[in-house]
Amino acid sequence: MDARTISPRDAFRSRRILVVDDNVDIVQTFSMMLSIIGHDVTVAYDGERAIVTALQVKPEVVFLDIGLPKLNGFQVCEALRDEFGSEVEIFAVTGYGDDASRERGRTCFDGYFTKPISALEVLERVGLAVQAS
């Protein structure tokens with residue numbers, strides 16, 4: 001069976017996902033979209049809460065803003081790497097698109113996306129999208 005004959009339902013695997021952003025609309029949009037398709041989504045609105053929440057739910061995927069109150073996304077990413085290593089996929093979803101931020105992000109994040117990020121990009125990151133060869 002090749003990738004073109006696998007239905008999205010066959011390819012789906014529910015994931016524990018943490019969405020972290022201080023923008024309530026972004027968090028709600030991500031959370032609703034991912035929950036509707038069957039993922040277990042938890043949210044946090046600042047850096048400190050993100051770490052506490054991650055330690056409780058042990059996410060498989062984290063979508064993380066950088067410009068957060070209390071602790072920034074780089075600090076959160078480093079703390080999550082210290083705790084979980086490569087067991088968690090961490091993606092920056094941020095308004096910081098400058099070269100310095102991107103370069104710093106390469107040392108911690110598994111992917112770096114500037115806002116706005118498309119729904120397809122989000123789904124690809126959680127392993128839902130089936131690519132045809």
Atom [atom1] of residue position [X] - does it have more than 12 heavy atoms of other residues, nucleotides or ligands inside 6.0 Å?
{"X": "Asp99", "atom1": "CG", "value": "no"}
{"X": "Arg49", "atom1": "CZ", "value": "no"}
{"X": "Glu87", "atom1": "CD", "value": "no"}

For residues [X] and [Y]: do they belong to one hydrophobic cluster (side chain heavy atoms under 4.5 Å, members Ile, Leu, Val, Met, Phe, Trp, Tyr)?
{"X": "Val19", "Y": "Phe84", "value": "no"}
{"X": "Ile117", "Y": "Leu34", "value": "yes"}
{"X": "Leu55", "Y": "Val57", "value": "no"}
{"X": "Tyr96", "Y": "Phe30", "value": "no"}
{"X": "Val61", "Y": "Ile51", "value": "no"}

State whether the side chain of [X] and the backbone N or O of [Y] hold a donor-acceptor pair below 3.5 Å, judged by distance alone.
{"X": "Gln28", "Y": "Asp25", "answer": "no"}
{"X": "Arg81", "Y": "Cys108", "answer": "yes"}
{"X": "Asp22", "Y": "Leu68", "answer": "no"}
{"X": "Glu78", "Y": "Gln75", "answer": "no"}

One pair to check against side chain to side chain contact (heavy atoms under 4.5 Å, CB included): Glu48 and Val52. What are the steps and the verdict?
CA-CA 7 Å; Glu48 288 178 357; Val52 169; 5.8 Å; no
Say you draw a straight line from CG of Asp40 to OG of Ser35; how long is it, rounded to the nearest 0.5 Å?
7.5 Å
Closest heavy-atom pair and its distance - [X], [Y]:
{"X": "Val88", "Y": "Val62", "answer": "CG2-CG2, 3.7 Å"}
{"X": "Cys77", "Y": "Leu64", "answer": "N-CD2, 3.9 Å"}
{"X": "Gly95", "Y": "Asp65", "answer": "N-OD1, 4.4 Å"}
{"X": "Ala54", "Y": "Pro59", "answer": "O-CD, 3.4 Å"}
{"X": "Ala50", "Y": "Leu18", "answer": "O-CD2, 3.7 Å"}
{"X": "Val20", "Y": "Asp46", "answer": "CG1-O, 4.1 Å"}

Give the C-alpha distance, both sets of side-chain angles, the deciding distance and a yes or no for side chain to side chain contact (heavy atoms under 4.5 Å, CB included) between Val27 and Tyr45.
CA-CA 8 Å; Val27 169; Tyr45 298 98; 3.7 Å; yes
Show the numbers, then the answer: is there a side chain to side chain contact (heavy atoms under 4.5 Å, CB included) between Lys115 and Asp21?
CA-CA 12 Å; Lys115 294 174 185 172; Asp21 201 304; 2.7 Å; yes
Quick one, Val93 and Tyr112 - any side-chain contact, counting heavy atoms below 4.5 Å?
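They are not in side-chain contact.
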Would Arg104 pass as a cation-pi partner of Phe74, given that its NZ or CZ must be under 6.0 Å from the six-membered ring centre and within 45 degrees of the axis?
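Relative to the ring axis of Phe74, which defines the angle, Arg104 lies inside both limits.
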Ion pair check, Arg15 and Glu89, cut-off under 4.0 Å:
yes
Positive for side chain to side chain contact (heavy atoms under 4.5 Å, CB included) with Ser31, one of Ile17, Thr42, Ile36, Val41
Val41
Plane angle bin for Phe91 and Phe113 - parallel if under 30°, tilted between 30 and 60°, otherwise perpendicular:
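The rings of Phe113 and Phe91 sit tilted, inter-plane angle from 30° to 60°.
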